[in-house]
2 protein chains.
Amino acid sequence: MLSGTNLPRVGGYNQAVVLDAIRTTGQVSRVELAALTGLTNQTVSNVVRKLLDAGLVAESGQAPSSGGKRRTLLSMRADGAFAVGVHLDPEAAVIVVVDLAGDVVGSRRLRLTDPGDPDDVVDRVARAAGRLVDRSGVDRSRLLGLGIAAPGPLDGTSGAVVSPPNFPGWGRVPLAGMFAEATGLPVALDNDATAAAIGERWIGGADRAGSFLFIYVGTGIGAGIVLNNTVLHGDSGNAGEFGHMAVEPGDRVCHCGATDCLGPYCSPPALIDDLLRLHGRAAADRIGLTGAPDSVHHDWKALRRATRTGDPAACDVIRRAARRIGEAARGAASLLDVSRVVLGGEALHGIEPIMREEIDAAVNRTSVARTIRAVTVEQSVIGDTVGAVGAASLVLHGNYAPGWRMLTDVSG
Amino acid sequence: MLSGTNLPRVGGYNQAVVLDAIRTTGQVSRVELAALTGLTNQTVSNVVRKLLDAGLVAESGQAPSSGGKRRTLLSMRADGAFAVGVHLDPEAAVIVVVDLAGDVVGSRRLRLTDPGDPDDVVDRVARAAGRLVDRSGVDRSRLLGLGIAAPGPLDGTSGAVVSPPNFPGWGRVPLAGMFAEATGLPVALDNDATAAAIGERWIGGADRAGSFLFIYVGTGIGAGIVLNNTVLHGDSGNAGEFGHMAVEPGDRVCHCGATDCLGPYCSPPALIDDLLRLHGRAAADRIGLTGAPDSVHHDWKALRRATRTGDPAACDVIRRAARRIGEAARGAASLLDVSRVVLGGEALHGIEPIMREEIDAAVNRTSVARTIRAVTVEQSVIGDTVGAVGAASLVLHGNYAPGWRMLTDVSG
DNA sequence: TGACTTCATCCATCAATTGGATTTAGCTGA
DNA sequence: TCAGCTAAATCCAATTGATGGATGAAGTCA
């Protein structure tokens with residue numbers, strides 16, 4: 001059931017609205033804020049004073065006069081708040097410290113030699129995060145919390161991941177609680193694609209306002225959905241699962257038994273296998289693939305490198321996968337009616353042009369796209385660390401993003 | 001940019017929250033409302049008084065005492081407000097008058113002998129709607145407006161439909177404005193599937209609270225998306241387009257050039273054609289299909305009737321289509337992470353069991369569905385007139401549904 | 001009949017926005 | 001150079017809406 005609201009929440013909401021407007025525009029005056037938010041000048045003045053007192057924004061200059069008193073420009077104070085972000089991946093954990101402006105003020109990569117034991121992983125990551133915070137010299141009282149981006153399904157209600165792919169031996173692991181205990185910080189948990197989408201929304205300014213579909217290419221493929229500046233979590237916290245979108249069936253079988261799920265056709269092992277089957281050993285040798293089961297990570301990198309340099313066999317394999325992703329993206333974009341698709345993830349390296357081309361062609365084919373509004377396909381404004389930065393943004397977003405949530409449920 | 005809010009809107013919002021709670025529960029006391037909405041008893045008391053004064057709710061009995069004073073039960077006053085709903089279809093327009101409780105207090109069906117001229121259609125429908133309102137004896141001062149459910153793409157910003165399918169000669173028709181002028185009422189316009197979903201949300205009570213995906217089977221196939229009690233409109237007002245979801249490709253070509261769009265594989269003409277191709281003339285004769293291009297409506301009815309009586313050829317054709325719809329639904333449900341799928345639309349008659357079976361199997365196959373939460377597949381609680389009732393609900397929803405919209409943008 | 005419960009409301013208070021008046025600061029032209 | 005103008009930002013009183021505690025209303029139970 002929907003909750004009612006009260007005045008303190010309204011105040012918090014309007015503060016968040018103003019903060020959001022300052023963030024997305026970069027620099028604005030109070031009058032402009034009033035126009036943007038629909039609030040009166042007086043209210044904006046009050047709200048801004050609170051934000052100044054809280055150290056979240058600063059007066060950062062003056063605009064040239066337009067006939068009267070010059071406007072004093074306001075901008076985000078980068079050191080107003082910080083958050084730690086952790087992107088957990090089977091191969092390594094990427095840890096970042098991000099300031100309110102979205103800039104990374106500290107980062108490190110922690111190789112997970114033995115990812116089989118959740119307790120050990122949490123312990124090591126938590127300690128590394130603590131050291132990173134110290135080293136970055138951030139004011140601990142301004143550290144809002146820690147965000148985690150984890151692959152695969154999670155149980156949103158309890159803050160647990162459930163059998164994440166490529167984490168052998170991990171069953172149901174209450175990651176959020178474990179990190180909260182290990183660090184003493186408030187913790188937010190989301191899947192990597194959703195976290196990346198929030199990061200994009202948080203950092204991307206006006207270019208990422210409104211609604212978009214984020215397609216995340218990492219260990220697997222996933223999507224993050226932002227609608228009307230609000231992220232979609234879904235009933236169980238698993239919104240954006242992209243791997244079960246239907247595509248042209250082939251001979252790859254999903255865990256779920258279907259032969260038409262997107263996931264199995266664009267996983268790294270599948271693409272390496274494709275290359276061997278379609279283009280033979282010679283092409284694989286030329287590219288530098290071993291084809292051994294334990295060198296998937298290496299081979300996947302080599303395949304992408306070869307794609308970047310234009311190797312025809314590599315490009316062919318990537319393009320086949322990109323086409324299937326395009327089919328899925330077409331369905332998703334037309335279902336959600338978004339006019340923007342954003343691509344990101346660390347595994348996008350080398351394959352962006354082909355991905356972008358195929359997805360662009362697919363999503364712009366529908367009648368709505370052609371007659372009512374086109375769909376733009378862009379790359380992440382954050383880049384490689386979008387997972388970790390997104391994880392940190394979970395915390396910032398949770399604290400300062402205006403939304404429904406602020407009005408109805410403070411706990412969320 | 002997001003708008004701020006102010007106190008009157010907060011008041012309206014809390015009123016809507018309380019009204020929504022009364023509506024979804026059917027009958028509740030003030031204390032229960034306080035618990036449900038998180039508001040204080042005092043506030044609920046105040047809000048309820050306003051709703052009583054406005055004639056939107058009524059005291060409708062008393063609950064047995066639980067040790068103290070008996071609670072006075074509140075329920076929606078059905079005659080508190082009314083809305084007209086029009087479902088525009090190439091074959092006929094269905095017009096209904098709906099009260100605040102969602103009951104149909106008047107309805108009629110208007111055959112569109114010559115749907116080629118938008119002006120004529122609007123004129124005839126508007127006059128018929130006026131007569132229906134008079135005949136239903138509703139207090140005109142309590143008539144909130146007129147909702148239109150139209151097929152196909154629309155331009156949400158201007159309230160126009162754009163080349164709706166099967167309306168020959170209709171280009172870009174500003175339906176909303178035309179109906180507003182013809183009736184003098186506030187007008188809401190949405191596509192049929194979205195309208196049906198809102199109707200379901202409005203009328204379905206607790207069973208349709210939260211989030212769900214509505215699959216609408218009418219002239220074409222479409223979806224309506226309700227997330228956190230709020231309908232998704234999308235950037236251009238076309239959210240829920242289901243016809244371009246990717247499915248197993250065959251030899252049917254979509255307008256967009258693809259052979260893997262769902263739409264062409266489950267349109268009535270395609271299914272009739274399927275039956276002829278796969279099961280031959282004999283089966284068609286048995287079922288009563290003519291196969292002539294101008295008797296699609298008749299043939300489609302016959303095919304569904306035959307399916308209901310268990311004709312194997314008919315069932316086979318329907319099942320093939322249902323499987324493809326299931327593929328698309330699986331992707332949509334896992335992308336949105338909804339735990340409920342609702343089926344409706346006037347063309348569902350006769351084919352519900354097969355549709356439900358196939359869709360249920362498909363959406364419950366994914367890992368999230370199996371390990372975290374199952375997906376229930378249900379039929380519309382409204383039934384055949386879900387399009388028209390949904391159209392009327394657009395108006396009721398727009399006036400009384402609590403949401404984001406009430407807090408940020410009064411115009412929307 | 002009296003003690004206890006629960007429902008519902010009254011009253012003073014608090015928090016937040018609003019509208020109008022006022023102050024601050026810069027521009028412009030005689 | 002100074003008065004007149006314009007625009008930005010703030011001050012102040014009023015209004016609206018939720019809150020917490022106290023009070024009244026209606027029933028139950030021993």
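Predicted model, so just to flag it, every value in this text is computed and none were measured. Proteins come first, then strands; the chains are lettered A, B, ... in the order of their sequence lines, and each starts at number 1.
- In this model, the phosphate group of C/dT18 is approached by a side-chain N or O of B/Asn6 to a distance below 4.0 Å at OP1 or OP2.
- For the pair B/Leu73 CG and D/dA26 C1', the computed distance is 15 Å after rounding to whole Å.
- Of the listed residues (B/Leu144, B/Ile198, B/Ile203), just one forms a side-chain contact (heavy atoms from CB on, under 4.5 Å) with B/Leu396, and that residue is B/Leu144.
- Atom CZ in B/Arg70 sits about 11 Å away from atom P in C/dA8, given to the nearest Å.
- Atom CZ of B/Arg30 and atom C1' of D/dA25 are 13 Å apart (whole Å).
- A distance-only check finds a donor-acceptor pair linking the side chain of B/Asn229 to the backbone of B/Gly210 [under 3.5 Å].
- Taking 4.5 Å as the limit, every side-chain heavy atom of A/Val98 sits out of range of all side-chain heavy atoms of A/Val105.
- Both B/Thr72 and A/Leu7 lie near DNA chain C, and the one whose nearest nucleotide falls closer to the 5' end is B/Thr72.
- Nearest-nucleotide mapping onto DNA chain C: of A/Lys69 and A/Asn46, the residue sitting toward the 5' end is A/Asn46.
- Nucleic acid contact for B/Thr40: sugar-phosphate only, since backbone atoms but no base atoms lie under 4.0 Å from a heavy atom of the residue.
- Residue A/Gln27 places its CD atom among more than 12 non-hydrogen atoms of other residues, nucleotides or ligands, all under 6.0 Å distant.
- Within the nucleic acid shown, B/Thr43 comes within 4.0 Å of at least one base atom, counting heavy atoms only.
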